[in-house]
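Have a look at the structure below before the remarks.
Because the structure is predicted, anything quoted here is derived from the model rather than measured.
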Amino acid sequence: MTGAAQQWAHGGMSIGSVLDLLRPDFPDITISKIRFLEAEGLIRPERTPSGYRRFSVADCERLRFVLTAQRDQYLPLKVIKEQLEAIDSGAATLGVREARARTARPDTGRAEPEDGTEVLPRPPRRLGVPPGRVMPDDFEFDHQVRVTRADLLDRAGIDETFLNDLIRANLITPGPAGFFDTDAVTLAATAKAMAEFGLEARHLRAFKLAADREAALVAQIAAPIAKSRDAGARARAEETVRELAALSLTLHASLVKASVRNSLGG
């Protein structure tokens, strides 16, 4: 049984394994891209009790459908989402024989029947995690993604002046070659949304200082694990960082919510 098949048999594939499965057909696919498609509601992977994404055969079929529509038909995500919604409602079908042949079910090691049957994706499912909880695999960094300055401005919907303000406030830092990562896009878009409430970049420094303190605490806990000479020590340290960072953000959000409620007399 292959590694992928073993993961299917044990409740689905990790986001990294899905990436390995799709890259032969879609070389440009990245972890950040998969997360983005999930955030847009195009895929709905299950979550483990600890918060990790687990992708089913149907999830991979939907991913292939989306990626193929983007690559071969140049369809915008809005149109692709409408097509998937039609499929979910039963108003349309998704041709997945070829996809299922490539991702044969591991319990039998065989592809789906070639009798022309169309298979619909499963309906939306409830996530097995608390609402608003930050997930550990949200901290899996994808170093292959590099965003140009022009792309960041376009995707975040900001102008040069606003970006320069964020850089001067040390909220966003470009890499040595002048590129940014996808987190910078999210940060810039969030800062723009907060600016609509009168919060300027200089006001957001408090968030940066708090984040630096939280990151230092997480690193302090993970550092001894990383320095261990045991095999796989670095991987365990990175796993610890992801889990602690996710928990710290969930805790932070809960504390802010409680403080705001108290300040409003609730």
Using salt bridge (Lys or Arg N to Asp or Glu O under 4.0 Å) as the criterion, list what pairs up with [X], not counting sequence neighbours.
X	answer
Glu238	Arg234
Arg71	none
Glu200	Arg202
Arg205	none

Do [X] and [Y] come close enough that some side-chain heavy atom pair is under 4.5 Å?
X	Y	answer
Arg35	Thr182	no
Phe26	Thr68	yes
Arg47	Arg54	no
Glu38	Arg53	yes
Leu22	Arg64	yes
Ile43	Leu84	no

Could you report the tightest heavy-atom contact between [X] and [Y], atom names first, then the distance?
X	Y	answer
Leu75	Ile80	O-CD1, 3.6 Å
Leu204	Met194	CD2-CE, 3.9 Å
Met13	Leu21	SD-CD2, 4.2 Å
Phe162	Ala188	CE2-O, 4.0 Å

Do any side-chain atoms of residues 206-220 form donor-acceptor pairs under 3.5 angstrom with protein atoms, and if so which ones, sequence neighbours left out?
from   : atom 1 : to     : atom 2 : distance (Å)
Lys208 : NZ     : Asp212 : OD1    : 3.0
Lys208 : NZ     : Asp212 : OD2    : 2.9
Glu214 : OE2    : His252 : ND1    : 3.2

Could you walk me through whether Phe55 and Ile34 pass the side chain to side chain contact (heavy atoms under 4.5 Å, CB included) check? CA-CA 11 Å; Phe55 292 80; Ile34 295 174; 3.8 Å; yes
Under 3.5 Å, is there a donor-acceptor pair between the side chain of Ser259 and the main chain of Val256? no
Would you say the side-chain atoms of Lys81 pair up with the backbone N or O of Glu40, donor to acceptor, closer than 3.5 Å? yes
Taking atom [atom1] of [X] and atom [atom2] of [Y], what is their separation to the nearest 0.5 Å?
X	Y	atom1	atom2	answer
Asp88	Arg44	CG	CZ	4.5 Å
Phe65	Ile87	CZ	CD1	4.5 Å
Lys192	Leu166	NZ	CG	12.0 Å
Leu67	Ile29	CG	CD1	4.5 Å
Asp181	Arg146	CG	CZ	12.0 Å
Leu152	Thr186	CG	OG1	9.5 Å

Using the side-chain contact (heavy atoms from CB on, under 4.5 Å) criterion, which residues pair with [X]? Sequence neighbours excluded.
X	value
Ala237	Ile225, Ala226
Leu187	Leu171, Ile172
Pro174	Ile167, Phe180

Among pairs that include at least one residue of residues 156-175, which meet salt bridge (Lys or Arg N to Asp or Glu O under 4.0 Å), considering only residues two or more places apart or in two chains?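 Pairs touching residues 156-175 that pass the test: Arg149-Glu160, Asp165-Arg168.
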Using side-chain hydrogen bond (donor to acceptor under 3.5 Å, both in side chains) as the criterion, list what pairs up with Thr190, not counting sequence neighbours. none
Set of side-chain hydrogen bond (donor to acceptor under 3.5 Å, both in side chains) partners for Asp151, sequence neighbours left out: Thr148
Side-chain H-bond candidate by donor/acceptor type, Ser56 with Asp59, under 3.5 Å: yes
Show which residues join Leu251 in its hydrophobic cluster (side-chain heavy-atom contacts under 4.5 Å, direct or indirect), or state none.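 Listed partners: Leu255.
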Joint hydrophobic cluster, Phe36 plus Phe179, side-chain heavy atoms closer than 4.5 Å: no
